[in-house]
Amino acid sequence: MQSDEDLLGAARGGDEAAFTALYRRRQGAVYRFALHMSGDAAASEDVTQEVFLALLQGGGRFDPSRGTLLSFLYGVARNLVLRRIEKKPPEELAEEPLADDDVLDDLTRRETIEAVRSAVLSLPTQYREAVVLCDLENASYEDAAAALDCPLGTVRSRLSRGRAMLAQKLSAKAVRSMS
Amino acid sequence: MSEDKVLQALKALAENDRDRQASFAVEARLLSDFRSRRASHRWRWVGIAAIAAGVVVVVLLSTNRAPKPAVSTVPAPAQVPRQEAAPVVAVAAPAPRKAGRKMPRPQAREVVTDFFPLMDPAPPFERGQMLRVQLPAAAMRTVGLPVREDHLADPIQADVLVGEEGMPRAIRFVRFDVQ
């Protein structure tokens with residue numbers, strides 16, 4: 001299988017099949033990243049399109065020494081998403097009492113998923129993007145650091161803090177749903 | 001709630017959304033854009049090839065013919081191009097007027113663009129020649145000037161600044177306004 005970088009090189013040389021293969025390989029990850037960051041399917045489609053347009057226009061800005069092509073795509077998507085959501089103030093972390101570990105088990109699977117989706121969307125942006133990349137998209141810490149343009153340690157700390165916030169939010173939500 | 005529970009919840013969300021992706025309409029729009037870029041790219045190379053061919057022809061003609069009306073020697077500019085729009089070269093010298101002809105003839109005034117560099121980075125420029133060449137309008141796209149699709153093959157006049165080593169350094173395009 002050709003690497004992303006090889007496909008990009010061929011695509012920039014006018015190879016439509018290479019561009020199509022690269023797009024189909026990576027569009028899902030870009031789309032889901034935008035979706036989990038914004039919660040807006042239509043906006044996520046726009047972001048996906050703009051990311052790959054940017055790749056066609058400025059693929060030369062991709063520097064393999066700074067990270068993988070996927071992290072580059074995440075980085076472009078991140079900038080586009082942030083532009084769209086920056087007007088929305090991040091929700092404050094609710095200081096609600098923690099619930100028992102088993103409370104989440106009481107929610108149905110569907111409710112759980114929607115509760116998690118909602119909780120992720122309510123995280124402050126810097127924690128949300130770390131959680132979305134590392135926990136939802138299984139990006140490596142290195143890729144996440146390259147995409148977020150921050151040190152590896154920052155990714156780890158934001159991820160840790162983001163998970164802690166999620167735990168609080170989900171516990172509070174579970175408590176509310178039981179009452 | 002423990003971090004393990006949070007990770008489980010995030011994993012459930014990731015699995016639920018694993019197959020979510022942008023619609024086919026996004027791919028269709030991107031492929032359409034890719035094709036139009038590729039077509040434009042081809043015209044760009046047609047333009048470059050035409051410029052190179054024109055330069056070669058004019059250089060050959062100017063070196064094998066005496067006198068050399070189509071070529072003027074240009075002193076070394078401090079920096080390649082962005083030259084004022086003074087008409088440096090006139091290739092086709094106007095035919096001598098017939099004696100006794102009194103009707104004033106409309107005169108064509110040359111309007112030229114700025115110079116556009118053709119080499120990036122360009123080696124130091126010491127001496128060179130300015131050559132007037134005729135090119136397809138597609139050549140204007142090589143420097144980012146807009147040309148309508150149905151005029152790409154139209155002939156246009158251009159001045160090409162050629163370095164001592166024979167490489168085209170810069171180009172400007174000429175329009176004739178009849179006064």
Side-chain angles (χ1 to χ4, degrees), chain A residues 11-16 19-20 23-24 27-32 34-36 41 44-49 52-53 55-57 98-105 107 109-110 112-117 119-120 131-132 134-138 160 162-172 174, chain B residues 1-50 52 116-122 138-147 149 152:
Chain A
R12 293 184 68 205
D15 185 340
E16 182 178 320
F19 176 72
T20 305
Y23 171 78
R24 288 181 179 167
Q27 60 91 10
V30 172
Y31 174 80
R32 286 190 302 273
L35 183 64
H36 289 137
S44 301
E45 291 218 332
D46 290 345
V47 166
T48 305
Q49 180 171 322
F52 283 90
L53 278 177
L55 191 63
L56 284 178
Q57 291 164 350
L98 295 179
D100 294 337
D101 279 3
D102 292 333
V103 172
L104 195 60
D105 297 336
L107 297 172
R109 176 182 160 74
R110 186 73 220 161
T112 302
I113 286 168
E114 293 314 314
V116 177
R117 189 193 308 284
V120 169
V131 167
V132 169
C134 296
D135 286 339
L136 294 183
E137 287 303 321
N138 283 321
S160 175
R163 287 171 181 167
M165 288 177 168
L166 276 178
Q168 273 192 308
K169 287 173 181 287
L170 291 171
S171 297
Chain B
M1 182 184 292
S2 69
E3 185 167 306
D4 281 349
K5 288 282 184 186
V6 172
L7 290 176
Q8 277 180 25
L10 287 168
K11 190 176 177 186
L13 174 59
E15 284 179 0
N16 184 74
D17 288 353
R18 188 179 52 204
D19 295 329
R20 295 192 75 165
Q21 54 186 353
S23 68
F24 186 74
V26 175
E27 179 176 330
R29 284 195 292 269
L30 282 167
L31 283 179
S32 170
D33 187 87
F34 182 88
R35 286 172 191 151
S36 65
R37 280 171 196 277
R38 189 172 54 185
S40 171
H41 188 73
R42 280 184 186 149
W43 275 112
R44 178 185 170 86
W45 283 107
V46 167
I48 289 173
F116 296 92
L118 294 172
M119 299 178 76
D120 185 23
M140 295 175 69
R141 284 195 170 182
T142 61
V143 297
L145 295 175
V147 184
E149 291 287 338
L152 288 172

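Letters A, B, ... mirror the listed sequences (proteins, then strands); counts begin at 1. Side chains included, hydrogens not; waters and symmetry mates left out as well; all remaining heavy atoms used.
For A:Val132, no part sits under 4.5 Å from any heavy atom of chain B, backbone or side chain. Heavy atoms closer than 4.5 Å to chain B are found in the side chain of A:Tyr23, but not in its backbone. For a residue to count as touching a neighbouring chain, one of its non-hydrogen atoms must lie under 4.5 Å from one of that chain's; by this rule A:Val131 touches chain B with the side chain only. At a 4.5 Å heavy-atom cutoff, the contact between B:Arg29 and chain A is made by side-chain atoms alone.
Residue B:Ala14 comes nearest to A:Asp135 through the heavy atom pair CB-O, 4.4 Å, listed as atom of the first residue, atom of the second, then distance.
Interatomic distance, CG of A:Leu53 versus CG of B:Asp33, reported as 5.0 Å (0.5 Å rounding). In this structure, CG on A:Leu35 lies 12.0 Å from CD on B:Gln21, to the nearest 0.5 angstrom.
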Take A:Leu136 and B:Asp17 through the side chain to side chain contact (heavy atoms under 4.5 Å, CB included) test and state the conclusion after the steps.
CA-CA 9 Å; A:Leu136 294 183; B:Asp17 288 353; over 6 Å; no

Would A:His36 and B:Leu13 count as a side chain to side chain contact (heavy atoms under 4.5 Å, CB included) if you check the C-alpha gap in whole Å, the side-chain angles of each, and the deciding distance to 0.1 Å?
CA-CA 10 Å; A:His36 289 137; B:Leu13 174 59; 4.3 Å; yes

Dump the intermediate steps for side chain to side chain contact (heavy atoms under 4.5 Å, CB included) on B:Asn16 and A:Arg110, then the final yes or no.
CA-CA 9 Å; B:Asn16 184 74; A:Arg110 186 73 220 161; 3.4 Å; yes

Could you walk me through whether B:Leu30 and A:Gln27 pass the side chain to side chain contact (heavy atoms under 4.5 Å, CB included) test, one step at a time?
CA-CA 11 Å; B:Leu30 282 167; A:Gln27 60 91 10; over 6 Å; no

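For A:Arg163 (side chain) and B:Leu7 (main-chain N/O), no donor-acceptor pair under 3.5 Å exists by modelled atom type. A donor-acceptor pair is defined here as one N or O able to donate and one able to accept, closer than 3.5 Å; such a pair exists between the side chain of A:Arg32 and the backbone of B:Arg18. With hydrogens and angles disregarded, no donor-acceptor distance shorter than 3.5 Å links the side chain of B:Glu27 to the backbone of A:Arg24.
Of the listed residues A:Ala29, A:Ala11, A:Ser44, the one with more heavy-atom pairs under 4.5 angstrom with chain B than any other is A:Ala11.
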